[in-house]
Amino acid sequence: MLHYMEQAKRSAPSDDGNELTFANVSRRNLLQAGTAGFAVAAFANPAEAFIKYPVGGTAMPNGLKYDPKIFVSIDPDGTVNIIAHRSEMGTGSRTSLPMVLADEMGADWARVKIIQAEGDEPKYGNQDTDGSRSMRHHIQSMRQMGASVRHMLASAAAKKWGVEPSAVKVGVHEVTSGSNKAGFGDLAADAMSLEVPKFEDLSFRSEKDFRYIGKGNVPMVDLHDITTGKAIYGADVMLPGMKVAVIARPPAVGEEPAKVDDSAAKAVPGVISVESLPITVMPAKFSPLGGIAVIAEHTAAAIKGRDALKIEWKKGPHSNYNSAAFTAEMRKTAAEPGKVLRKEGDMAGAMKDASKTFAREYSQAHMAHAMMEPPVAVADVKADSAEIWAPVQSPFGARQDIAKALNIPIEKVKVNVTLLGGGFGRKSKCDYAIEAALLSQKTKQPVKVQWTREDDIKHSFYHTTSVERIEVGLDDAGKVNAMRFNSVAPSILTTFAPDSGHQFFIENGMGHVDMPFQVPNLSIENGKAMAHTRIGWFRAVSNIPRAWAVQSFASELAHELGKDEKDMLLELIGSDRKLEPAAQGFPKDFWDYGETYAEYPIDTARLKNVLNLAAEKAGWGKTLPKGEGLGLAVHRSFVTYVASAVRVKIVDGKIRVPEVHQAIDCGYAANPERIRSQMEGAAVMGMTLALYSGVTFENGAAQQGNFDTYEMVRSDNFPETVHTHIVENPFSVHASGVGEPGVPPIPPAIANAVFNATGKRLRDLPFGDEI
Amino acid sequence: MAKMKVNGTDQTFEAEGDTPLLWALRDLAGLTGTKYGCGTGLCGACTVHVNGEAVRSCITPLSDVEGKEVTTIEGLSGDGNHPVQQSWRELNVPQCGFCQAGQIMQAADLLKKNPKPSEAEILDAMSGNVCRCGCYQRIIAAVRHASTGA
């Protein structure tokens, strides 16, 4: 997220159409690409196969890299080693990005080996794996590097055989010309010593000739290891002489230990020492919360020792945080005028003249990510160097933070990335890796810091809590003529900067100022709310409360006016058009997920298309048995369009979800198989957050701790059949986000379905599983 | 100290009797395929077999396992090709993969006792295993596939 902020500074939209230059390649010479230089047989018409477009990745810290000599090496036996530079947390990027490179290159996937990059952005380009950006930002650079290696192999073969490059054919893992034939391994040394061709001189594979890209036929590279217990996650790293630390952190952020009795802890067999870590309070970026660490020979002793600590905590600045009272306050704030972020027409005037007004508000509790692998990290810090092994989403960001915390030059700090047992945004914040590094430095031995599940739920960087209020004014014809949309929520920015009480442009861009309804008089507002716990991003971030509010409201309005819900949504979205931020009063700092708006505009035709698709597949309009209901929701996030149609069935007073249809338009679908798995998983996570995910606070302390009080959807009640419908697009329709956009429409679609099944309207997340 | 067989090999753990089997397997025997997810038997990530029965190793003290036979994901089959493991791969079940060893051990236990479970029996048997990525649809399909080939 910090990266987003730095990126936004650098790519602030200009007044002349938000154009970004892209590696000094203009549109014009892109169109000519492939006719210049030599053409490799079987790659005809490359300009149509791949017209490069600007993408936000170039403006990220350390940008995108295009050097195949960094990302690819070929062994003499033909093994193609490809670097995976993004973190794998379950989306499949560790497979899918190398797959793109391998396909364009002509490599046989069975002979590809994946090597995980350490945290080194100057070398690999941006590695911050969040924001649903891996494929969106890197598909082009992967194709370019794959094509580069293919050309280098062809050039090496042509030189070796004394033929024209145009007479050389690159097949699957081999190069031929007439009777000459060589494997990739035979040509590797010569090929990889050649200069890397310029983009303009490359030819690209036609989409019809893709073997892996767009096919969904490549299993995850770690599939075998995962099913046999060999895959290595953070806690699976074991070093000689390594000790394990478990930490007692302050119940409320910023509370200092007043009195510590560690005698019982030290008496636990296996406990070695008790150490203290300095207490921090936000804004402290990703600095650890601090507390008392128990270091032991193994994890069981460390947990037992930690639990035996007797600590009295002094009240801190946030020890009075009571989330129930706070929500009540946010409701009051939401009803008042907020800071106006986007203004179109005259909302107040039109509201006064309205023949009817209608207002509703929707709330959401804090949430913890609860990835199955709680935070964990291993550090081995020496006098002037450090090596870390950790499941981190941003390995270079972690390396920077760790170097700073240890006061060791970054060149002397190495961060190795393990597999992540889930991330969901929590593992973008590397506090746990800093803890391990500090404790290793302090005790001069390798240390693993293991968080328990209770630690994870009680000491998170929580998803914000919010109240969203929507008011509309209708004209005599029953059309919405005015709308006020006020969002009140503590901001993520409070992790990084003093709290102004207001959300910032990234949060504002997530379903708030970019709200797509065609309403002539519109006021998008943000009311003040201060943060009293650490706020961080959670899969889909602010899109969750915004989709929750807007999509629930559209359903409520339809019922109020006696209209069909789908027709109501289509009416509110309005005509087919691309929203015009400048003409429609968007704020100057409008953030389109870090992309240039011209390349990724808000396209209502695509939004309506996924809505119609999901509705049609779900059989919208059909009569359902008593106790069942269908619900719809549609939302654009991470520059992707997703609609959910959810069928709910009430069984013995419990909400069950027998069927979900997810329609997604994510531009070019590079790996449909993993897109489907993300949509299926999003339906489950969406159902969990709708029914169960609420972390509440009393006296500053989180009240939930484990899966008994912070429940998860399980196989006894889950979205039993999730059908994913992927809108087919050619490569020219830019690939967009997949990991997050499937989540936001699910909670409102469930609530809308519950209403249609029972007549009961749910407006507060989580709403429980009983009705 | 506790003695037992782990994946067919004699194993002696020099640890307190109340040490959870999970941590002995991971930290002392180096068998890291079995995962920690909750420590209280609520998520199933730590599922192993003790004398052929699926148990949550995070709430099973070593003293309860004395003289027994423990099987972990590493020992479920010699070559990693137990029908459940194969089925998991055929259906591309995992996302992050962290909970999958526990899921597989639970499924293998179910199918051993009940080779042709009904849909309801599968859902019930797997309901103690949490998957935060939400792979349930494929998990259930993979258990069915391993059972019937369908």
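Everything numeric here is computed off the predicted structure, so don't read it as measured data. Chain letters run A, B, ... following the sequence lines, proteins first and then strands; every chain starts at 1.
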- Message: With a 4.5 angstrom heavy-atom cut-off, is it the side chain or the backbone of B/Leu76 that approaches chain A, or both, or neither?
- Response: neither
- Item | Sequence neighbours excluded, every pair satisfying ring-ring contact (aromatic ring centres under 6.0 Å, His included) that has a member inside residues 41-77 of chain B | none
- Under 4.5 Å from a heavy atom of chain B, the part of A/His369 involved: backbone
- Query: Which residues in residues 30-37 of chain B have a heavy atom less than 4.5 Å from any heavy atom of chain A?
  - Reply: B/Thr32, B/Gly33, B/Lys35, B/Tyr36, B/Gly37
- Query: Under 4.0 Å between a Lys/Arg side-chain N and an Asp/Glu carboxylate O for A/Glu373 and A/Lys427?
  - Reply: yes
- Give a yes or no on whether a salt bridge exists between B/Arg26 and A/Asp236, defined as a side-chain N under 4.0 angstrom from a carboxylate O. yes
- Item | Contact winner vs chain A - B/Cys99, B/Ala101, B/Pro94, heavy-atom pairs under 4.5 Å | B/Pro94
- Task: Report the option among A/Arg674, A/Met220, A/Arg539 that has the most heavy-atom pairs separated by less than 4.5 Å from atoms of chain B.
- Result: A/Arg674
- Quick one: of B/Thr19, B/Leu28, B/Thr40, who has the most non-hydrogen atom pairs under 4.5 Å with chain A? B/Thr40
- Flag the one option from B/Gly75, B/Ser127, B/Pro20 with the top tally of heavy-atom pairs under 4.5 Å to chain A. B/Ser127
- Say whether A/Gln662 and A/Glu680, considering side chains only, have a donor N or O and an acceptor N or O under 3.5 Å apart. no
- Task: Tell me, for B/Asp18 versus chain A, whether the close heavy atoms (under 4.5 Å) come from the side chain, the backbone, both or neither.
- Result: side chain
- Query: What part of A/Leu419 is in contact with chain B, defined as an atom under 4.5 angstrom from a non-hydrogen atom: side chain, backbone, both or neither?
  - Reply: neither
- Query: Where on B/Glu16 is there a heavy atom nearer than 4.5 Å to chain A: the side chain, the backbone, both, or neither?
  - Reply: side chain
- Query: Between the side chains of A/Thr709 and A/Gln704, is a donor N or O closer than 3.5 angstrom to an acceptor N or O?
  - Reply: no
- Give the ring-plane orientation class for A/His725 versus A/His661, where under 30° counts as parallel, over 60° as perpendicular and anything between as tilted. parallel
- Message: I need the residue from A/Thr721, A/Asn706, A/Val244 with the largest number of non-hydrogen atom pairs under 4.5 Å to chain B.
- Response: A/Asn706
- Checking heavy atoms, do the side chain of A/Phe707, its backbone, both or neither come under 4.5 Å from chain B? both
- One option among A/Ser715, A/Pro269, A/Pro719 has the most heavy-atom pairs under 4.5 Å with chain B, and it is A/Ser715
- Message: Using heavy-atom distances under 4.5 Å, tell me whether A/Thr688 contacts chain B through its side chain, its backbone, both, or neither.
- Response: side chain
- Identify which part of A/Val376 has an atom lying under 4.5 Å from any heavy atom of chain B, answering side chain, backbone, both or neither. neither
- Item | Distance-minimising heavy-atom pair for B/Gln106 and B/Arg56 | OE1-NH1, 2.9 Å
- Item | chain A contact via B/Gln100 - side chain, backbone, both or neither, heavy atoms under 4.5 Å | side chain
- Task: Would you mind checking which part of A/Met238 comes under 4.5 Å of any heavy atom in chain B, side chain (CB onward), backbone (N, CA, C, O), both or neither?
- Result: side chain
- Query: If you count heavy-atom pairs under 4.5 Å between each of B/Gln85, B/Gln137, B/Met126 and chain A, which one has the most?
  - Reply: B/Gln137
- Item | From B/Leu22 atom CG to B/Cys46 atom SG, the distance as rounded to the nearest 0.5 Å | 5.5 Å
- Can you name the residues that form a side-chain hydrogen bond (donor to acceptor under 3.5 Å, both in side chains) with B/Trp23, not counting sequence neighbours? none
- Short side-chain donor-acceptor distance under 3.5 Å, B/Asn114 and B/Glu121: yes
- Query: Is it true that A/Lys654 and A/Asp716 have a side-chain N and a carboxylate O under 4.0 angstrom from each other?
  - Reply: no
- Residues two or more places apart in sequence or in another chain: which of them pass salt bridge (Lys or Arg N to Asp or Glu O under 4.0 Å) with A/Glu711? none
- For A/Arg94, is it the side chain, the backbone, both, or neither that has a heavy atom closer than 4.5 Å to a heavy atom of chain B? neither
- Task: Flag the one option from A/Glu297, A/Met371, A/Lys304, A/Lys448 with the top tally of heavy-atom pairs under 4.5 Å to chain B.
- Result: A/Lys304
- Item | Salt bridge flag under 4.0 Å for residues B/Arg138 and A/Glu673 | yes
- Task: Below 4.5 Å from any heavy atom of chain B, which atoms of A/Ile457 appear? Answer side chain, backbone, both or neither.
- Result: neither
- Message: Under a 3.5 Å threshold, yes or no: a donor from one side chain and an acceptor from the other, between A/Ser132 and A/Glu740?
- Response: yes
- Message: Salt bridge check, A/Glu659 against A/Lys649: does any charged N sit closer than 4.0 Å to a carboxylate O?
- Response: no
- Is the closest side-chain donor-acceptor distance between A/Thr227 and B/Arg89 under 3.5 Å? yes
- Item | Whether A/Tyr432 and A/Trp451 hold their rings parallel, tilted or perpendicular, with breakpoints at 30° and 60° | perpendicular
- chain B heavy atoms under 4.5 Å from A/Ala231: which part of the residue, side chain, backbone, both or neither? backbone
- Item | From OG1 (A/Thr299) to CZ (A/Arg306), nearest 0.5 Å | 12.0 Å
- Query: Can you tell which of A/Ser677, A/Gly229, A/Gly422, A/Gly421 has the highest number of heavy-atom pairs within less than 4.5 Å of chain B?
  - Reply: A/Ser677
- Query: Which atoms of B/Cys135 come close to chain A, meaning under 4.5 Å heavy atom to heavy atom: side chain ones, backbone ones, both, or neither?
  - Reply: neither
- Item | Closest-packed option against chain B by number of heavy-atom pairs under 4.5 Å, given A/Lys230, A/His298, A/Met242 | A/His298
